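Worksheet: the structure to be examined is printed underneath.
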Amino acid sequence: MYKNYFFFFSFVVTTFSTFSQNYSQEKIFSWYDQNIGIENTTLFQGIEYVETDRMINEKHKFFETQEFQNGSVTYNGQTFYEVPLKYNIYDDLLLVNLKQDQRNFIFQLIDNQVDQFQIDENKFRYLKANNNSDILGFYEIINEEGAFKIFKKHLRNRMEIRDRSVAYSEFNPANPDYIFQFKDDFFELDNRRNLFSKFPDLKSEIRGFYSKYRKQSRNNPDLFMKNLANEINNLIPSATNQIQE
């Protein structure tokens with residue numbers, strides 16, 4: 001038993017060394033999960049998920065689709081690639097579909113042990129603001145570059161439907177919440193007045209930006225927020241000594 005284990009460990013180390021010269025980290029860790037068995041990883045440290053709502057149409061509670069999609073997740077400090085993921089927006093839960101002994105298990109990962117995850121091109125982080133207890137959970141990353149960062153909280157409204165034959169739930173998209181991070185603190189970003197309180201000496205520039213991109217803020221708020229983050233990050237160096245701490 002010991003010799004077999006030692007041989008396998010040596011094989012893994014040698015193979016990792018060879019792979020690392022030619023392959024990306026994503027491919028290396030995907031290979032590792034497939035050969036070690038993902039059921040032997042920390043992804044099985046979660047809570048078995050039981051759906052409590054009956055959904056019969058496209059008005060569901062999940063991000064993009066009700067189906068699991070391959071994505072990546074950093075959980076307990078370890079990153080996993082090509083994992084079947086589904087984000088439950090309404091309950092703010094990240095679900096993973098795992099197989100063991102020809103059986104499928106759906107787990108909800110322990111939220112505060114999820115650092116970040118990605119589905120398609122959408123990246124999310126788990127946030128917990130020490131300065132605002134309302135800012136807690138999974139937020140999509142809108143712009144994470146620079147000292148000024150913006151995140152988006154997806155939301156759903158639930159409606160219970162009853163007809164003669166069946167009762168079910170429908171979930172409709174609600175207006176998302178945007179927040180910004182500056183240094184180690186997080187703040188709500190409902191309108192430009194939220195920025196005035198943090199950057200009082202940039203009021204003129206912020207007013208000008210909101211006025212210039214008013215149409216974009218209505219038609220494409222994500223793009224507007226991304227451009228806003230770039231603008232604030234460009235303005236911060238010129239007002240470093242004036243920003244309210």
Side-chain angles (χ1 to χ4, degrees), residues 26 29-30 32-34 36-130 132-142 144 151-161 166-179 181 186:
E26 177 177 346
F29 281 101
S30 295
Y32 175 84
D33 293 338
Q34 292 170 6
I36 299 301
I38 203 165
E39 70 273 10
N40 296 316
T41 68
T42 58
L43 280 182
F44 261 80
Q45 298 176 9
I47 303 168
E48 189 165 5
Y49 177 76
V50 177
E51 182 57 69
T52 57
D53 289 295
R54 183 176 188 180
M55 292 163 282
I56 64 174
N57 55 34
E58 73 283 357
K59 296 182 178 181
H60 53 76
K61 61 169 68 172
F62 302 102
F63 178 72
E64 290 188 341
T65 174
Q66 294 191 67
E67 305 301 321
F68 281 90
Q69 303 178 80
N70 279 349
S72 63
V73 57
T74 300
Y75 189 56
N76 274 327
Q78 183 176 349
T79 301
F80 301 87
Y81 299 94
E82 298 181 13
V83 177
L85 299 175
K86 185 161 61 171
Y87 174 41
N88 178 339
I89 293 174
Y90 182 75
D91 300 304
D92 201 25
L93 299 173
L94 180 61
L95 309 180
V96 59
N97 188 9
L98 304 176
K99 289 185 178 181
Q100 185 181 40
D101 299 329
Q102 306 304 315
R103 294 178 59 195
N104 279 359
F105 295 89
I106 299 177
F107 286 97
Q108 61 185 66
L109 298 182
I110 301 170
D111 53 7
N112 61 7
Q113 294 182 22
V114 177
D115 179 37
Q116 60 184 14
F117 68 92
Q118 180 172 346
I119 298 175
D120 287 336
E121 299 301 317
N122 306 92
K123 297 180 180 180
F124 294 79
R125 274 183 54 194
Y126 177 79
L127 301 179
K128 182 179 181 180
N130 294 325
N132 188 337
S133 60
D134 291 333
I135 297 176
L136 177 68
F138 294 116
Y139 287 77
E140 184 179 358
I141 299 170
I142 298 299
E144 203 177 26
F151 302 91
K152 173 184 178 180
K153 183 65 175 176
H154 291 267
L155 299 170
R156 288 281 195 276
N157 290 325
R158 178 180 181 273
M159 180 179 295
E160 187 173 349
I161 309 295
V166 66
Y168 59 95
S169 298
E170 289 187 346
F171 296 85
N172 294 296
N175 291 330
D177 288 337
Y178 291 94
I179 64 170
Q181 178 186 5
F186 295 85

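Along the sequence shown, residues carry numbers from 1. Only a predicted model underlies this, so the values are computations on that prediction, with no experimental measurement involved.
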Handout entry: Check against side-chain contact (heavy atoms from CB on, under 4.5 Å), Gln116 and Val114
Key = CA-CA 6 Å; Gln116 60 184 14; Val114 177; 5.9 Å; no
Exercise for the section: Would you check, one step at a time, whether the test side-chain contact (heavy atoms from CB on, under 4.5 Å) holds for Glu51 with Asp53? Expected result: CA-CA 6 Å; Glu51 182 57 69; Asp53 289 295; 3.6 Å; yes
Exercise for the section: Check the pair Val73, Val96 against side-chain contact (heavy atoms from CB on, under 4.5 Å), reporting the backbone distance first and the verdict last. Expected result: CA-CA 10 Å; Val73 57; Val96 59; over 6 Å; no
Problem - Test log, rule side-chain contact (heavy atoms from CB on, under 4.5 Å), inputs Ile119 and Glu64 - result: CA-CA 9 Å; Ile119 298 175; Glu64 290 188 341; 4.2 Å; yes
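Within the model, atoms CG of Asp92 and CG of Leu136 stand 7.5 Å from one another, a figure rounded to the nearest 0.5 Å. Here Phe151 contributes atom CZ and Ile135 contributes atom CD1; the two are 10.0 Å apart, rounded to the nearest 0.5 Å. The structure places CD of Gln118 at 11.0 Å from OG1 of Thr79, a figure rounded to the nearest 0.5 Å. Here the straight-line distance linking atom CG of Asp177 with atom CG of Asp134 works out to 9.5 Å at 0.5 Å rounding. Distance check, rounded to the nearest 0.5 Å: CG of Leu95 to CD1 of Ile47 gives 11.0 Å. With values rounded to the nearest 0.5 angstrom, Ile142 atom CD1 is found 5.5 Å from Lys152 atom NZ.
Side-chain contact between Met159 and Ser169 is absent, with no heavy atoms from C-beta onward closer than 4.5 Å. Side-chain contact check for Ile179 versus Leu127: some heavy-atom pair is nearer than 4.5 Å.
In this model, no donor atom of one side chain and acceptor atom of the other lie less than 3.5 Å apart for Asp115 and Thr74. When only modelled atom types and interatomic distance are considered, Tyr90 and Asn157 share no side-chain donor-acceptor pair under 3.5 Å. When only modelled atom types and interatomic distance are considered, Asn70 and Glu82 share no side-chain donor-acceptor pair under 3.5 Å.
Judged purely by atom type and a 3.5 angstrom limit, Lys123 has no side-chain atom pairing as donor or acceptor with the backbone of Glu140. Within the 3.5 Å criterion, the main-chain N or O of Gln78 finds no donor-acceptor partner in the side chain of Asn76.
Scanning all heavy atoms of the two residues, the minimum distance from Phe171 to His60 falls at CB-O, 3.2 Å. A pairwise comparison of heavy atoms in Phe107 and Gly46 identifies CD2-C, 3.8 Å as the closest pair. Here the closest heavy-atom approach between residue Ser72 and residue Tyr81 is recorded as CB-CD2, 3.9 Å. Nearest approach of Lys99 to Asn104, heavy atoms of both residues: CG-OD1, 2.9 Å.
The distance between the ring centers of Tyr75 and Phe117 does not fall below 6.0 angstrom.
Taking a 6.0 Å sphere around CG of Asn130, one finds it holds 12 or fewer heavy atoms contributed by other residues, nucleotides or ligands. Asn175 CG: 12 or fewer foreign heavy atoms inside a 6.0 Å radius. Other residues, nucleotides and ligands place no more than 12 heavy atoms under 6.0 Å from the CZ atom of Arg54.
With sequence neighbours excluded, no residue forms a ring pair (Phe, Tyr, Trp, His ring centres under 6.0 Å) with Tyr49. Checked against ring pair (Phe, Tyr, Trp, His ring centres under 6.0 Å), Phe63 has the following partners two or more places apart in sequence or in another chain: Phe124, His154. Residues satisfying the ring pair (Phe, Tyr, Trp, His ring centres under 6.0 Å) test with Phe62, not counting sequence neighbours, are none.
Ion pairing between Lys61 and Asp91 holds under the 4.0 Å rule for side-chain N and carboxylate O. Classification of Glu144 and Arg125 as a salt-bridged pair holds, one side-chain N sitting under 4.0 Å from a carboxylate O.
With a 6.0 Å cutoff to the six-membered ring centre and a 45° limit on the axis angle, Lys86 counts as a cation-pi contact of Phe68.
Among Asp120, Asn97, Leu85, the single residue meeting the side chain to side chain contact (heavy atoms under 4.5 Å, CB included) criterion with Gln69 is Asp120.
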